[in-house]
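Below is one structure, written out as structure tokens; the observations come after it.
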Amino acid sequence: MSDISLTFPDGSQRSVRKGITGKELAESIAKSLAKRAVAMSVDGKLADLADPIEADATVKIVSRTDPEALELIRHDAAHVMAEAVQALWPGTQVTIGPVIENGFFYDFAKAEPFHPDDLAKIEAKMHEIVGRNAPFTKEFWSRQKAKDFFKSKGELFKIELVDAIPEGEDLKIYKQGDWLDLCRGPHMTSTGQIGKAFKLTKFAGSYWRGDHTKPQLQRIYGTAWATEPELAAYLRMIEEAEKRDHRKLGREMDLFHFQEEGPGVVFWHPKGWELFQNLINYMRRRQNAAGYREVNGPQILDKSLWETSGHWETFRENMFTTVTEDERTFAIKPMNCPGHVQIFKHGLRSYRELPYRVSEFGIVHRYEPSGALHGLMRVRGFTQDDAHIFCTHEQLADECLKINDLILSIYRDFGFEEVVVKLSTRPEKRVGADALWDRAEAAMADVLKKIEAQSGGKIKTGINPGEGAFYGPKFEYVLRDAIGRDWQCGTTQVDFNLPERFGAFYIDADGEKKVPVMIHRAIFGSMERFTGILLENTAGHLPLWLAPVQAMVCTIVSDADAYAEEVLELLRLSGLRAQIDLRNEKINYKVREHSLSKTPVMLVVGKREAEERTVSVRRLGSQEQKVLPLKEVLSQLTDEAVPPDLKRAKRAIEAAA
RNA sequence: GCCGCAGUAGCUCAGGGGUAGAGCAACGCAUUCGUAAUGCGUGGGUCGGGGGUUCAAUUCCCUCCUGCGGCACCA
């Protein structure tokens with residue numbers, strides 16, 4: 001029998017018998033290793049320990065605590081959960097149970113819904129199965145055998161899965177004791193390797209194959225880790241995430257609320273609106289500096305306009321409409337683009353005016369599915385930091401790159417450095433000829449390459465096939481927040497359709513009428529949603545330039561009231577958003593209250609400060625107190641409160657002058 | 001929209017076939033106090049809406065609305 005050469009993680013090489021299994025290999029290396037081994041990695045690909053190694057490869061024996069084993073623990077836990085559910089509720093069909101970030105799920109078909117208490121029952125049964133420590137064994141079955149078997153068990157979904165496996169591919173069955181499942185593998189050596197560090201977290205509805213026209217299944221989510229401290233740390237992390245839920249922060253900080261009569265629309269309170277306006281003002285400055293001019297389009301327009309734009313055909317079910325006394329049908333705008341095209345079209349445009357960039361903080365309404373609504377993150381009425389650029393084909397790529405620069409620069413101002421740019425290509429439901437789509441997608445693919453190259457590898461890119469807007473392909477900018485969640489915010493969409501549909505044109509240098517290309521772009525996307533993201537990212541600890549109330553002057557005794565009023569007045573004259581708390585309460589009480597409402601700066605004044613004309617400064621999140629001269633505090637705070645773009649401008653002016 | 005769960009005072013929540021309770025908040029009084037809750041007192045609820053069962057419904061049933069967790073959809 002011939003030998004093969006294996007390379008190990010430490011770089012050493014060894015010649016072994018061809019067809020040696022991972023288990024044999026581990027045993028030949030060290031008994032202790034064989035004991036710890038749960039799987040192996042062959043050329044970076046996880047495999048069962050019982051698999052034979054047939055060719056030269058880099059091999060690592062994986063033990064339970066290796067990072068590679070984590071997905072196996074989770075996958076094995078999914079299998080054990082499926083066994084547990086079938087043991088508790090015979091007749092339940094199993095479907096699929098993949099590993100996901102931080103855990104796993106399994107989708108079941110069961111006539112009776114699960115009850116919340118069932119999670120504990122299933123968990124207990126899982127512990128029992130893990131305790132039995134039955135080995136995972138793999139068998140290769142014929143298609144027919146598998147189908148006959150699952151048919152006899154009434155597992156109709158599994159039969160569909162068998163049919164979906166391409167001809168020529170092995171059909172693997174993994175057994176754990178008496179229970180078995182169709183599975184691609186690999187698995188660890190036995191159920192006992194899963195350990196105890198798992199927990200079922202929630203259950204939910206789902207659709208077979210993710211398709212809402214297919215049967216509804218019941219999904220159970222779980223999390224699993226190699227060790228119990230890791231599980232505990234994960235559960236703590238979840239708790240932390242809940243604490244920074246923007247809906248909770250919105251209430252605690254008195255920023256906004258929702259109520260029954262307005263599903264999906266926001267009631268902004270004074271402090272929330274202040275924050276919102278700070279964001280708008282920042283964006284307005286950035287856009288104006290980048291050559292955009294702000295406009296405002298009508299909120300309600302005749303149906304005919306939406307027919308021309310194609311919205312009536314492709315977006316109708318998402319639109320709020322109204323019929324007036326005279327029986328005209330109007331729609332509340334779900335997008336700003338048709339309005340901007342009207343502005344472009346008004347009067348004759350010369351090629352000299354291109355690129356023609358118009359921006360609008362456009363309030364749009366979309367009838368979103370009820371189940372999609374989620375705080376500020378998904379609403380039915382929201383403000384877009386929208387803009388449209390009318391340009392020539394030649395200008396298109398350059399404009400996309402300019403937008404890219406602007407977007408990335410703005411995200412950096414909010415501390416979002418990790419950004420992924422994705423190109424979404426033509427969807428099934430679309431307007432425009434395929435030739436136009438070919439052209440747009442080719443141009444965008446080219447720009448995407450440039451974006452990646454330009455960033456020096458910092459920006460990751462990707463493709464979302466079929467997810468473009470109905471009028472054109474788009475770039476989606478996805479940012480990652482402080483706790484690792486991804487949010488799609490910005491978007492750049494190239495549109496060869498709308499200008500043509502509306503008959504928009506410009507007079508070119510040769511005196512001919514030409515149809516411009518239109519670029520739709522948004523940076524925050526939805527101002528509401530970005531506010532929510534920002535709140536969760538900062539856990540409510542907003543930077544001073546954004547905080548609705550920047551400083552709270554708190555008195556210790558009423559003897560300091562007059563001085564406190566004077567401090568307040570000076571703060572306000574300095575352009576700071578300050579408030580005063582003269583209530584007859586202890587300072588502990590005031591500090592606690594303003595800490596809970598996340599006021600960034602507390603300026604405490606008592607008798608001493610009043611006499612010395614100082615203030616005691618306490619920053620949110622810190623117990624430290626600094627007693628400083630009033631003058632110094634004013635200059636420090638005013639400096640800190642300058643928005644990042646104005647700070648840059650200030651520096652630029654100083655450098656140039 | 002689909003599946004499941006929930007809706008009780010401004011907030012957080014307890015209760016449960018005989019028309020409701022706590023803490024915080026609010027209001028009043030006292031307290032002038034050095035960095036995360038001063039004390040005492042008072043007021044406040046058609047128990048999400050509608051319908052049904054019942055002598056009696058906040059409680060049980062139906063239905064609608066809203067929210068929550070997913071799915072599907074998406075900025």
Side-chain angles (χ1 to χ4, degrees), chain A residues 105 107 110 112-118 201-221 245 247-248 251-252 254 257-264 317-318 334-335 362 364 366-380 382-386 424 467 469 474 476-478 487-491 493 520 522-530 532-533 554-561 582-597 602-609 616-627:
Chain A
F105 69 76
D107 281 349
K110 175 168 168 282
E112 287 296 306
F114 287 112
H115 185 270
D117 297 343
D118 292 342
T201 49
K202 56 195 166 194
F203 56 97
S206 64
Y207 295 104
W208 171 233
R209 311 220 129 176
D211 183 339
H212 70 278
T213 62
K214 299 225 158 85
Q216 183 123 27
L217 305 170
Q218 297 186 66
R219 175 173 300 179
I220 300 178
Y221 285 93
D245 186 314
R247 293 165 298 188
K248 191 166 141 66
R251 202 170 37 240
E252 289 169 357
D254 191 18
H257 84 266
F258 292 90
Q259 64 187 48
E260 277 197 27
E261 296 85 344
E317 63 210 21
N318 289 298
M335 295 187 192
V364 294
R366 299 180 186 176
Y367 186 77
E368 299 289 344
S370 57
L373 302 180
H374 180 94
L376 294 177
M377 302 304 195
R378 193 74 184 274
V379 289
R380 285 183 176 158
F382 61 102
T383 312
Q384 288 182 310
D385 56 334
D386 205 3
S424 296
E467 293 192 9
K474 61 182 178 183
E476 291 183 343
Y477 287 78
V478 180
W487 299 99
Q488 200 241 294
C489 292
T491 165
Q493 307 173 0
H520 309 239
I523 295 178
F524 290 152
S526 150
M527 300 296 303
E528 283 76 359
R529 192 163 76 122
F530 193 80
I533 293 168
C554 301
T555 51
I556 297 174
V557 290
S558 52
D559 285 349
D561 284 4
L582 298 177
R583 289 176 302 173
N584 178 14
E585 293 292 350
K586 288 192 166 182
I587 191 61
N588 286 300
Y589 182 89
K590 295 186 185 181
V591 165
R592 178 182 150 83
E593 199 162 273
H594 302 305
S595 296
L596 288 174
S597 73
M602 268 168 277
L603 301 175
V604 178
V605 297
K607 251 185 196 161
R608 214 182 305 144
E609 286 78 8
S616 169
V617 184
R618 180 182 167 129
R619 302 295 301 238
L620 178 62
S622 160
Q623 250 126 261
E624 195 192 359
Q625 302 152 38
K626 270 193 210 150
V627 179

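Values below: every heavy atom of this structure, side chains too, minus hydrogens, waters and symmetry copies. Naming: A, B, ... by sequence-line order, numbering from 1 per chain. What you see is a predicted model, and the numbers here were worked out from it, not measured in a lab.
- Taking 3.5 Å as the limit, the base of B:C11 and the side chain of A:Arg251 contain no donor-acceptor pair of atoms between them.
- Using atom P as the reference point in both B:C65 and B:G49, the two lie 15 Å apart (nearest Å).
- The phosphate of B:G1 has OP1 or OP2 within less than 4.0 Å of a side-chain N or O from A:Ser370.
- One P atom belongs to B:C40, the other to B:A36, and the distance between them is 22 Å to the nearest Å.
- Regarding contacts with the backbone of B:G39, every side-chain N or O of A:Lys586 stays at 4.0 angstrom or more from both OP1 and OP2.
- Taking atom P on both nucleotides, B:C71 is separated from B:U12 by 25 Å, rounded to a whole Å.
- Rounded to an integer number of Å, the gap from CD of A:Glu252 to C1' of B:A25 is 14 Å.
- If you measure from atom OH of A:Tyr221 to atom C1' of B:G70, you get 5 Å, rounded to the nearest angstrom.
- Look at CZ on A:Arg378: it is 18 Å from C1' on B:U66, rounded to the nearest Å.
- Protein atom NE2 of A:His115 is 12 Å distant from nucleotide atom P of B:G4, rounded to whole Å.
- Figure legend. B:C29 is base-paired to B:G39; pairs are counted as Watson-Crick or G-U wobble with both atom distances under 3.5 Å.
- Expressed to the nearest 0.5 Å, how far CZ of A:Arg378 lies from CZ of A:Arg366 amounts to 9.0 Å.
- A:Ala372 comes within 4.0 angstrom of a base, heavy atoms only.
- Counting any heavy atom pair closer than 4.0 Å across all strands shown, A:Pro113 reaches sugar-phosphate atoms only and no base atom.
- For the pair A:Leu603/A:Val617, a side-chain contact is recorded, criterion being any heavy-atom separation below 4.5 Å from C-beta on.
- Contacts of A:Glu317 with the nucleic acid, taken as non-hydrogen atoms under 4.0 Å apart, are absent.
- The side chain of A:Tyr589 places no N or O atom within less than 4.0 Å of a non-bridging phosphate oxygen (OP1 or OP2) of B:U32.
- With rounding to the nearest 0.5 angstrom, the CE atom of A:Met377 is 5.5 Å from the CD1 atom of A:Ile533.
- Not one side-chain nitrogen or oxygen of A:Asn588 sits closer than 4.0 Å to the OP1 or OP2 atom of B:U35.
- Among the heavy atoms of the strands, none lies under 4.0 Å from A:Gly490.
- Among the atoms of the strands shown, base atoms are found under 4.0 Å from some heavy atom of A:Val379.
- Between the CD atom of A:Glu260 and the C1' atom of B:G7 there is a distance of 8 Å, given to the nearest Å.
- For B:A22, the paired nucleotide is B:U12, the pair qualifying as Watson-Crick or G-U wobble because both relevant distances are below 3.5 Å.
- To the nearest 0.5 Å, atoms CG (A:Asp561) and CG (A:Leu582) are separated by 4.5 Å.
- Here A:Lys202 reaches the OP1 or OP2 of B:G70: one of its side-chain N or O atoms lies under 4.0 Å away.
- When each of B:C5, B:A75, B:G34 is scored by its nearest atom to the side-chain atoms of A:Pro116, the top-ranked nucleotide is B:C5.
- Note: A:His374 NE2 to A:Arg247 CZ = 4.0 Å, rounded to the nearest 0.5 Å.
- For A:Glu368 against B:G1, no side-chain N or O and base N or O form a donor-acceptor pair under 3.5 Å.
- B:G10 and B:C27 have their C1' atoms separated by 13 Å, with the value rounded to a whole Å.
- Looking at A:Arg618, its side chain comes within 3.5 Å of the base of B:A36 through a donor and an acceptor atom.
- Rounded to whole Å, the separation between the C1' atoms of B:A6 and B:C64 comes to 16 Å.
- Heavy atoms of A:Arg247 sit under 4.0 angstrom from primed sugar atoms or phosphate atoms, though from no base atom.
- Atom-to-atom distance recorded for A:Arg380:CZ and A:Glu528:CD is 15.0 Å, nearest 0.5 angstrom.
- The number of heavy atoms from other shown groups lying within 6.0 Å of NE2 (A:His212) does not exceed 12.
- Note: CE (A:Met377) to C1' (B:G69) measures 16 Å, nearest angstrom.
- Among the protein residues, A:Lys590 comes within range of no part of the nucleic acid, since none of its heavy atoms lies under 4.0 Å from any strand.
- Residue-level contact check: A:Gln625 touches the bases, meaning some heavy atom is under 4.0 Å from a base atom.
- In this structure, the OH atom of A:Tyr207 is 11 Å from the C1' atom of B:G70, given to the nearest Å.
- One atom, NE2 of A:His212, and another, P of B:C74, lie 10 Å apart when rounded to the nearest Å.
- Within 4.0 Å of A:Lys214, counting heavy atoms only, lies no atom of the nucleic acid at all.
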